[in-house]
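For this chain, numbers begin at 1 and follow the sequence in order.
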Amino acid sequence: MEKINRFNVVHRLRKRNLLIAINSVAALSIFFFGYDQGMMAGVNTAVEYYTRMGFAHPDENGEPIITDSLLQGGIVSVYYLGTLVGALFGGWFGDKFGRIKSIALGAAWAVFGATLQCAAMNHSWMICARLINGFGTGILNAIVPVWATETAEHTSRGQFVAIEFTLNIFGVAVAYWIEYGCSFYQNGESAFVWRFPIAFQIVPLLFLFGIVWFFPESPRWLCKVGREDESRYVLERLREDGVQSTGKAEAEFQDVRNIVELERKNAKSQNYLYMLSGYKSGKLHIGRRVQLVIWLQIMQEWIGIAGVTIYSPTIFRIAGLEKDTIGWVAGLNQITYTLSTLVCVFTLDRIGRRWTLYWGSVVQGIVLFIAGGLIRVGTDARDAGNINRANTFGGGAVAMIFLFTMTFGATWLTVPWLYPAEIFPLEVRARGNAWGVVGWSIGNGWLTLLCPVMFEAINEKTLYIFAACNVITIPMVYCLYPESNQRTLEEMNLLFAADSIWNWDAEKNYKLLVEQNPELVQAAGRGVSVVDAEGGIRKQSRNMSLDVGATKGAGSESDEEKVATKHVA
C-alpha cells in the first residue's frame with residue numbers, strides 16, 4: 001500500500017498480533033492518564049508542595065493542617081477544566097485530521113504541561129500548568145478509546161478496552177508507589193518529593209509521541225475521508241490471516257462505506273452545539289447519545305472513585321489509621337485495585353455493559369454505607385477511650401474501602417469509557433467520545449473541588465453521598481442505556497433509531513428494523529457469511545434512509561417507516 005508508510009507495523013503484523021500492538025500503544029496513553037490522575041494524591045501530602053502552594057502547613061507531628069481547602073481542591077480540579085476543553089478540541093481535530101495525528105498532538109501538549117508543572121514555583125503557576133496539562137490529556141482521552149474500538153472486532157471490543165484500563169489503574173499504582181518512595185528522601189521535606197513524580201510522566205508521553213507514527217490509522221476514519229483503498233487494506237490486515245480470504249474484511253468495509261453515506265444523508269453538518277441539542281440529526285438522535293455519555297461519566301465520578309482515589313489518605317486518617325500505616329495501606333489498595341480490573345477483561349463481553357454496571361452499583365453502594373457507619377462507630381469508640389474497639393471498626397472500614405475500589409475496577413472503571421466510543425455514528429465518533437470526556441471532566445472537577453470541603457465539613461458522611469449516587473445509577477442504566485455488547489459499530493444507528501428515550505422501546509424498534517432491513521448491516525457483523533455460492537461479495541445500494549419511527553404496534557408500519565434498500569446484482 002503506497003500511501004501507508006513502509007515502516008508502518010500494518011505491513012508486518014496481522015489479525016490478533018496487529019490488534020495487540022495497537023492496543024499496547026493505546027494502553028500506553030491510558031497508563032499516562034492513570035498516572036497523571038493518581039499523581040496528585042501523593043503530591044498533595046508533600047510538605048514542600050503544600051507550604052509552597054500556600055494551602056496548608058505541617059503540625060508538630062508532620063500532619064498537614066489545611067488552611068485553604070478551596071485552593072487545595074482548586075489546584076486539583078482545574079486540571080479537569082483543561083481536559084474538558086482539550087477533549088472538545090481533540091474530538092474536532094480527530095474527526096478532521098485523523099486519530100494518529102491527534103494522539104501525537106495530545107502527547108506533545110501534555111509533555112509541555114508536565115514540564116511546566118514540574119517547574120512550578122507558586123499556586124498561580126501550578127494552576128496554569130495543570131490547565132495546560134489537562135488540555136493535552138483531554139485530547140488523548142477523546143481519541144485513544146475511539147482508535148481502539150474502531151480497530152477491534154465487535155466480539156472483543158470490551159476485552160481490549162478493559163485490558164487498556166488495567167494499565168490505567170496500574171498507572172495510578174505506579175504514581176502512588178513512586179511518591180511513597182520519594183517521601184523518604186531527606187525526611188520528605190525536599191522539593192524532589194513532588195517534582196520527580198510529576199516529571200516522571202514525561203517518559204511515557206515522549207515514547208507515545210515517537211511510536212504512534214508507525215501505527216495504522218483507523219480504517220473507519222480512512223473510509224470516511226475517502227481513502228477507501230487504505231481503509232480496505234488496513235481492515236484486511238486486521239481481519240484476515242493472509243492464507244485464505246473469508247470475505248470478512250470486505251463485508252466489514254462495505255458496512256462502513258454504506259453507513260458513511262447513510263449518516264451523511266441523515267445528519268447534516270454536526271457541530272458541538274448541534275450535537276448537544278440533537279438539531280439536524282434526524283433519526284440518528286445524536287443529542288440523546290450525547291446526554292447519555294455525559295451523565296454516565298458524571299456518575300462514574302460521583303459514585304465515589306474520584307474521592308477514594310485522590311483522598312484515600314484522608315479517608316484512612318478519618319478511619320483512625322496512624323500516619324506511618326496510611327502510606328502502605330493506601331499503596332496496597334492501589335495494587336488490589338489494579339488486579340481487580342482483570343475481572344472486567346473476562347466478564348465485560350460475556351455479561352454485557354448493563355449487567356456489569358448493575359452489579360457494580362449494588363456492591364459499591366452497600367460497602368460505602370457500611371464503611372461510613374463503621375467509621376462513625378469507630379470514631380465514637382475512640383472519643384470514649386476504647387482504642388481497641390475503635391481500631392477494630394476502623395479496620396473494617398478500611399476493608400470496605402478496599403472492596404469498593406476492587407468492585408469499581410471490575411465494573412464501572414471501563415464501561416463509561418467504552419460506551420461513548422461505541423455508540424456514536426462514524427461521522428462524529430471522535431466528537432461524540434469527546435462529549436464523554438466532557439462529562440468525566442465535569443464530574444471529576446466538581447467532585448475534586450468539593451471533596452476537601454465535604455470531608456472537612458461532614459467527615460465520613462461524605463461516603464453516604466457516594467453510596468446514594470450508586471443507588472441512583474441502577475434505575476438510570478435500566479431505563480435509559482441500551483446494550484451495546486456484541487453489536488457492531490454500524491448497528492448502533494439502528495439501536496438508537498427509536499424516538500422514545502426508554503431502553504425497552506429502543507430494543508423493540510431495533511429488532512423490528514433488523515427484521516425488516518437485514519441488508520442494512522452486512523450479515524458478517526453477526527457471524528454469518530456474506531460470500532455467495534460463486535465466491536463473490538454481495539453488494540448493496542447506498543439508497544437507504546434511517547427515517548424510521550418507533551414501533552406503532554404489531555404489524556403496523558407506514559410507508560415512511562420503511563427503509564428503502566435495493567439489491568444490485
Review point. What pairs of residues pass the salt bridge (charged side-chain N to carboxylate O under 4.0 Å, His left out) test when at least one of them lies in residues 133-142, not counting sequence neighbours?
Key: none
Exercise for review: Would you sort out whether Phe97 and Trp221 count as a ring-ring contact (aromatic ring centres under 6.0 Å, His included), showing the intermediate values?
Suggested key: CA-CA 9 Å; Phe97 298 103; Trp221 181 82; 8.6 Å; no
Exercise for review: List the atom of Ala397, the atom of Ala371, and the distance in Å for their closest heavy-atom pair.
Suggested key: CB-O, 3.9 Å
Practice item. Walk me through it: do Ile458 and Ile465 pass the test side chain to side chain contact (heavy atoms under 4.5 Å, CB included)? Key: CA-CA 10 Å; Ile458 59 177; Ile465 295 175; 3.9 Å; yes
Check your understanding: Is a donor on one side and an acceptor on the other found under 3.5 Å between the side chain of Tyr419 and the backbone of Val293?
Key -> no
Review point. Do Ser361 and Trp412 have side-chain N/O donor and acceptor atoms under 3.5 Å apart?
Key: yes
Exercise for review: Using the ring of Tyr510 (Phe, Tyr or Trp, six-membered ring only), decide whether Arg487 places NZ or CZ under 6.0 Å from its centre and within 45 degrees of its axis.
Suggested key: yes
**Study point:** Flag side-chain contact, heavy atom, 4.5 Å: Leu276 against Trp435
**Key:** yes
Check your understanding: Within a reach of under 6.0 Å around CZ of Phe346, are more than 12 heavy atoms found that belong to other residues, nucleotides or ligands?
Key -> no
Check your understanding: Below 4.5 Å, heavy atoms only, C-beta onward: do Met454 and Leu447 meet side chain to side chain?
Key -> yes
Exercise for review: Output, in order, the C-alpha distance, side-chain angles, deciding distance and verdict of side chain to side chain contact (heavy atoms under 4.5 Å, CB included) for Val144 and Ser29.
Suggested key: CA-CA 7 Å; Val144 170; Ser29 174; 3.4 Å; yes
Exercise for review: Say whether, by atom type as modelled, one donor and one acceptor occur between the side chain of Asn433 and the main chain of Asn141 under 3.5 angstrom.
Suggested key: yes
Review point. Among side-chain atoms of Asn444 and Glu301, is any donor-acceptor pair under 3.5 angstrom?
Key: yes
Review point. To the nearest 0.5 Å, what is the distance between CG (Asn493) and NZ (Lys283)?
Key: 13.5 Å
Review point. Heavy atoms, side chains only, cut-off 4.5 Å: are Glu179 and Met40 in contact?
Key: no
Check your understanding: Would you say Asn133's side chain and Ala129's backbone share a donor-acceptor pair under 3.5 angstrom?
Key -> no
May I have the list of side-chain donor-acceptor pairs in residues 160-173 shorter than 3.5 Å, sequence neighbours left out?
| residue | atom | partner | partner atom | Å |
| --- | --- | --- | --- | --- |
| Thr166 | OG1 | Ala162 | O | 3.2 |
| Thr166 | OG1 | Thr341 | OG1 | 2.8 |
| Asn168 | ND2 | Ile30 | O | 3.3 |

Review point. Could Glu427 and Lys224 be called an ion pair, given the rule that one side-chain N must be under 4.0 Å from one carboxylate O?
Key: no
Review point. If only atom types and distance count, is the side chain of Arg157 paired as donor or acceptor with the main-chain N or O of Ala152 below 3.5 Å?
Key: no
Exercise for review: Look at atom CH2 of Trp359 and say whether more than 12 heavy atoms of other residues, nucleotides or ligands are closer to it than 6.0 Å.
Suggested key: yes
Exercise for review: Inspect the surroundings of CH2 in Trp177 and state if more than 12 heavy atoms from other residues, nucleotides or ligands are less than 6.0 Å away.
Suggested key: yes
Review point. With distance as the sole test, does Trp147 use its side chain to make a donor-acceptor pair with the main-chain N or O of Ile100 at under 3.5 Å?
Key: no
Practice item. Check whether any side-chain N or O of Asn470 sits under 3.5 Å from a backbone N or O of Phe466 as a donor-acceptor pair, and report yes or no. Key: yes
Exercise answer: donor-acceptor pairs, residues 81-94 side-chain atoms, under 3.5 Å, sequence neighbours excluded:
| residue | atom | partner | partner atom | Å |
| --- | --- | --- | --- | --- |
| Thr83 | OG1 | Tyr80 | O | 2.8 |
| Thr83 | OG1 | Ser441 | OG | 2.5 |

Point to revise | Whether Asp349 side chain and Gln159 backbone form a donor-acceptor pair below 3.5 Å | key: yes
Practice item. Can you label the angle between the Trp504 ring and the Tyr478 ring as parallel, tilted or perpendicular, going by 30° and 60°? Key: tilted
Point to revise | Atom pair OG (Ser77) and CD (Gln72), whose distance is rounded to the nearest 0.5 Å | key: 10.5 Å
Point to revise | Contact summary for Glu483 and Leu495, nearest pair of heavy atoms | key: O-CD2, 3.3 Å
Review point. Does Phe455 reach the side chain of Lys461, with side-chain heavy atoms less than 4.5 Å apart?
Key: no
Practice item. Give the C-alpha distance, both sets of side-chain angles, the deciding distance and a yes or no for side chain to side chain contact (heavy atoms under 4.5 Å, CB included) between Val329 and Phe402. Key: CA-CA 10 Å; Val329 169; Phe402 270 61; 3.8 Å; yes
Exercise for review: Could you tell me whether a side-chain N or O of Ser281 sits under 3.5 Å from a main-chain N or O of Leu284, the two making a donor and an acceptor?
Suggested key: no
**Study point:** Verdict with reasoning, Glu150 to Arg220, per salt bridge (charged side-chain N to carboxylate O under 4.0 Å, His left out)
**Key:** CA-CA 7 Å; Glu150 286 185 338; Arg220 285 171 165 82; 5.9 Å; no
Practice item. Please tell me if the side chains of Arg431 and Tyr272 come closer than 4.5 Å, counting only heavy atoms from C-beta onward. Key: yes
**Study point:** Heavy-atom donor-acceptor pair, Gln37 side chain to Gly34 backbone, under 3.5 Å
**Key:** no
Check your understanding: Can you find a pair of side-chain heavy atoms, one from Val477 and one from Tyr358, that are under 4.5 Å apart?
Key -> yes
**Study point:** Shortest non-hydrogen contact between Ala467 and Gly365, atoms and distance
**Key:** CB-O, 3.6 Å
**Study point:** Spacing of CH2 belonging to Trp295 relative to CH2 belonging to Trp302, to within rounding of 0.5 Å
**Key:** 11.0 Å
Practice item. Please answer whether the main-chain N or O of Ile198 pairs with a side-chain N or O of Gln201 as donor and acceptor at a distance below 3.5 Å. Key: yes
Point to revise | Atom of Tyr35, atom of Pro197 and distance for their closest heavy-atom approach | key: OH-O, 2.6 Å
Check your understanding: If you look at every heavy atom in Gln300 and Pro416, which pair is closest and at what distance?
Key -> NE2-CG, 3.8 Å
Review point. Does the side chain of Gln364 come under 3.5 Å of the side chain of Thr407 through a donor N or O and an acceptor N or O?
Key: no
**Study point:** Interatomic distance, Ile143 atom CD1 to Ile103 atom CD1 [nearest 0.5 angstrom]
**Key:** 7.5 Å
Practice item. Scan side-chain atoms only and decide if Tyr79 and Thr137 contain a donor-acceptor pair under the 3.5 Å cut-off. Key: yes
**Study point:** Worked verdict on Asn485 versus Ile351 for side chain to side chain contact (heavy atoms under 4.5 Å, CB included)
**Key:** CA-CA 8 Å; Asn485 185 40; Ile351 67 174; over 6 Å; no
Check your understanding: Once you round to the nearest 0.5 Å, how far does CG of Leu368 lie from CD1 of Ile303?
Key -> 9.0 Å
Practice item. Ignoring hydrogens and angles, state whether a donor on the side chain of Glu422 or Thr149 is under 3.5 Å from an acceptor on the partner side chain. Key: no
Check your understanding: Is there side-chain contact between Gln297 and Trp417, with at least one heavy-atom pair below 4.5 Å?
Key -> yes
Exercise for review: Looking only at non-hydrogen atoms, find the nearest pair between Tyr50 and Asn44 and report the distance.
Suggested key: CD2-O, 3.4 Å
Check your understanding: Is there a side-chain contact between Ile286 and Tyr274 (heavy atoms, below 4.5 Å)?
Key -> no
Review point. When rounded to the nearest 0.5 angstrom, what distance separates OG in Ser218 from CD1 in Ile22?
Key: 9.0 Å
Check your understanding: Quick check: are there more than 12 heavy atoms from other residues, nucleotides or ligands sitting under 6.0 Å from CZ of Phe112?
Key -> no
